[in-house]
Amino acid sequence: MLTPDAALRRILDALRPRAPLQGERVPLAEARGRALAEAVVAGRPSPPFDNASMDGYALRAADAPAPGAGLPVAFDVFAGAPADRPLPPGACCRIFTGAAIPPGADAVEMQEEVERRGRRAIFRRAAVKGRFVRAAGAELREGAVALPRGAVVDAGAVGLLAALGRTEVAVHRRPRVAILATGSELVPVDGALRPGQIRDSNSHALAAACREAGAEPTLLPIAGDEAEALDRALAGAALADVLLTSGGVSVGERDLVRPALERAGFSLDFWRVAMRPGKPVAFGASPRAAVFGLPGNPASALVTFELFVRPALRALAGLPGNGRAVLPARLAVPWAKPAGLTVFLRARARVEAGALWVEPLATQESGHLTSVTGHQALAVLPAGAERLRRGARVSAILVAPPTLDPAAPSDLA
Ligand SMILES: Nc1nc2c(c(=O)[nH]1)N[C@H]1C(S)=C(S)[C@@H](COP(=O)(O)OP(=O)(O)OC[C@H]3O[C@@H](n4cnc5c(N)ncnc54)[C@H](O)[C@@H]3O)O[C@H]1N2
Ligand code: MOO
């Protein structure tokens, strides 16, 4: 059976020819969190003109008087209103942060170092050429690449794009994901329950996870466990880049999803991974789309999403890796597990005395939604191990920030 790492490699290899998805132009306000599908070039230098980085006085460094001596103040320059004449020789001018340095001046002295006496400014120290001057083009020369293709747009990048006058930018398209819940026991969230029925929770949980991963989910109508119902439902996924099904992939007599996917034109690459939860997970592709057959148990569906679907969606969106920190951690309780399976425990994570500790949630039952609610980490227990003692070294995939040691001093937490 494939290991989880090998399964992920197969998925990413299969997606490589179609990832990232093509670019689309979006308004600046919609670009955050997306990957650039173009290199953004500075159309003009940044800063666009020499300007003051301090409130103070601009002067020629060569005119700088000896400490305690002064220069006449020729005029005032405010941000947004450049001087209408050059700085006369042997004079200085009042200037404010962001204001254009007038021609002739090459230094600024901060006002804390200057004493003002009427029309004269008395300098407490000698000015230094270039000090407190933000030179034109010092950050970006005209024509320089401000943001390379593939860069992830964060708040700083949004600011940079705005500074360069970009109201729109090309980013990789978000993957469209069709979600299909299968099972004759399922009713929609707003439906009435008859004996033997449960509500479809997986579609909603998976849609939330898709959005968090940067994809656009659509829910297909629930399909019962009959071949025709599955065929009809799968026809509704025609426009998707990725199809997620849940349920019906294990060995039960009514587990009809795999043959239905094959009839719909998908060829399946694997349908078992040596892991718990989530052993019965399938992956395949058609020329148009990739498909993940996720197990029906709610925790199994979300854990396999996290490990396989999330990195796949990010690759399609042009985003790097899985977007999670994976850190060495210590297991807070002893744990016994079957050899041969990698076990993913949904765990709380906390930093204590400089070490990261993972503490499994009270239930790890894959049919229980509470086993996958409020966790901060997946603790990865390696396939080779059978008994792990308290304190055993494992790795932790952080799905949320860990709780910090309350004893550790911090002004920021
Ligand atoms: N003989 C075996 N039986 C099972 C095996 C096995 O290896 N041999 N594997 C078990 C494991 S592990 C899992 S996980 C499940 C996966 O089975 P399926 O993917 O075929 O899922 P179903 O049987 O359809 O459903 C399992 C469970 O989940 C509930 N479910 C299904 N869909 C939803 C939904 N949309 N929302 C909420 N809950 C859902 C369903 O009612 C079942 O209780 O197979 C084990 N069996
Ligand atoms: O993996 Mo099943 O996924 O253990 O419940």
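All ligand and atom numbering here is 1-based and tracks the order in the structure. Quick note: numbers below take in every heavy atom, side chains included, and nothing from hydrogens, waters or symmetry partners. Keep in mind that this is a model prediction, so the values were computed, not measured.
- Residue contacts with ligand 1 for Leu186 involve side-chain atoms from C-beta outward but no N, CA, C or O (heavy atoms, distance under 4.0 Å).
- Looking at Ile198 against ligand 1, only its side chain comes within 4.0 Å, counting heavy atoms.
- Using a 4.0 angstrom heavy-atom cutoff, Gly183 does not count as in contact with ligand 1.
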Present, as a list of atom pairs with distances to 0.1 Å, all nitrogen or oxygen contacts under 3.5 Å between ligand 2 and the protein.
unit_1: ligand 2; atom_1: 1 (O); unit_2: Gly278; atom_2: N; d: 2.3
unit_1: ligand 2; atom_1: 1 (O); unit_2: Lys279; atom_2: N; d: 3.4
unit_1: ligand 2; atom_1: 3 (O); unit_2: Gly278; atom_2: N; d: 2.6
unit_1: ligand 2; atom_1: 3 (O); unit_2: Ser300; atom_2: OG; d: 2.5
unit_1: ligand 2; atom_1: 5 (O); unit_2: Asn297; atom_2: ND2; d: 3.0
unit_1: ligand 2; atom_1: 5 (O); unit_2: Ser300; atom_2: OG; d: 3.1
unit_1: ligand 2; atom_1: 5 (O); unit_2: Ser366; atom_2: OG; d: 2.3

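- Looking only at atom types and distance, the side chain of Gln376 has no donor-acceptor partner in the side chain of Arg350 under 3.5 Å away.
- Counting heavy atoms only, Gly248 comes closest to atom 24 (O) of ligand 1 of the residues Ala301, Gly296, Gly248.
- The neighbour count for Lys279 NZ, taken as heavy atoms of other residues, nucleotides or ligands under 6.0 Å away, does not exceed 12.
- For the pair Met275/Met1, no side-chain contact is recorded, criterion being any heavy-atom separation below 4.5 Å from C-beta on.
- By the 3.5 Å distance cut-off applied to N or O atoms, Lys279 is not counted among the residues near ligand 1.
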Residues 307-333, side-chain donor-acceptor partners within the protein, below 3.5 Å, at least two apart:
unit_1: Arg310; atom_1: NE; unit_2: Asn322; atom_2: O; d: 2.8
unit_1: Arg310; atom_1: NH2; unit_2: Asn322; atom_2: O; d: 3.1
unit_1: Arg314; atom_1: NE; unit_2: Pro320; atom_2: O; d: 3.3
unit_1: Arg314; atom_1: NE; unit_2: Gly321; atom_2: O; d: 3.0
unit_1: Arg314; atom_1: NH2; unit_2: Pro320; atom_2: O; d: 2.8
unit_1: Asn322; atom_1: OD1; unit_2: Arg324; atom_2: N; d: 2.9
unit_1: Arg324; atom_1: NE; unit_2: Glu306; atom_2: OE2; d: 2.9
unit_1: Arg324; atom_1: NH1; unit_2: Glu212; atom_2: OE2; d: 3.4
unit_1: Arg324; atom_1: NH2; unit_2: Glu306; atom_2: OE1; d: 3.0
unit_1: Arg330; atom_1: NE; unit_2: Gly391; atom_2: O; d: 2.7
unit_1: Arg330; atom_1: NH2; unit_2: Gly391; atom_2: O; d: 3.1

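- Proximity of Gly367 to ligand 1 is not established, as no heavy-atom distance is less than 4.0 Å.
- Looking at Asp200 next to ligand 1, an N or O pair under 3.5 Å apart turns up.
- Considering Asn297, Val187, Val281 only, the shortest heavy-atom separation from atom 15 (C) of ligand 1 involves Asn297.
- At least one heavy atom of Arg199 sits under 4.0 Å from some atom of ligand 1.
- Using the six-membered ring where Trp is involved, Phe292 and Phe283 have ring planes that are tilted, between 30° and 60° apart.
- Residue contacts with ligand 1 leave out Pro277, since none of its heavy atoms falls under 4.0 Å from the ligand.
- Residues satisfying the side-chain contact (heavy atoms from CB on, under 4.5 Å) criterion with Thr373, sequence neighbours excluded, are absent altogether.
- Taking 4.0 Å as the cut-off between side-chain N and carboxylate O, Arg134 and Glu139 do not count as a salt-bridged pair.
- Judged by distance alone, the side chain of Glu113 and the main-chain N or O of Met110 form no donor-acceptor pair under 3.5 Å.
- Both the backbone and the side chain of Ser201 come within 4.0 Å of ligand 1, judged by heavy-atom distances.
- Of the N or O atoms in Ser203, none lie within a sub-3.5 Å distance of an N or O in ligand 1.
- At distances below 3.5 Å, at least one donor-acceptor pair connects side-chain atoms of Thr97 with backbone N or O atoms of Asp55.
- Evaluation of the salt bridge (Lys or Arg N to Asp or Glu O under 4.0 Å) rule for Arg116 yields no partner, not counting sequence neighbours.
- Atoms of ligand 1 found under 4.0 Å from any heavy atom of Ala181, numbered from 1 in the order shown, are 35 (N).
- In summary, the atoms of ligand 1 found under 4.0 Å from a heavy atom of Ser246, numbered by their order in the structure, are 35 (N).
- Taking a 6.0 Å sphere around CZ of Arg288, one finds it holds more than 12 heavy atoms contributed by other residues, nucleotides or ligands.
- Less than 4.0 angstrom separates some heavy atom of Glu185 from each of these atoms of ligand 1: 31 (C), 40 (C), 41 (O).
- Between the OG atom of Ser203 and the CG atom of Leu186 there is a distance of 8.0 Å, given to the nearest 0.5 Å.
- Defined by atom type and a distance below 3.5 Å, a donor-acceptor pair is present between the side-chain atoms of Ser371 and Arg346.
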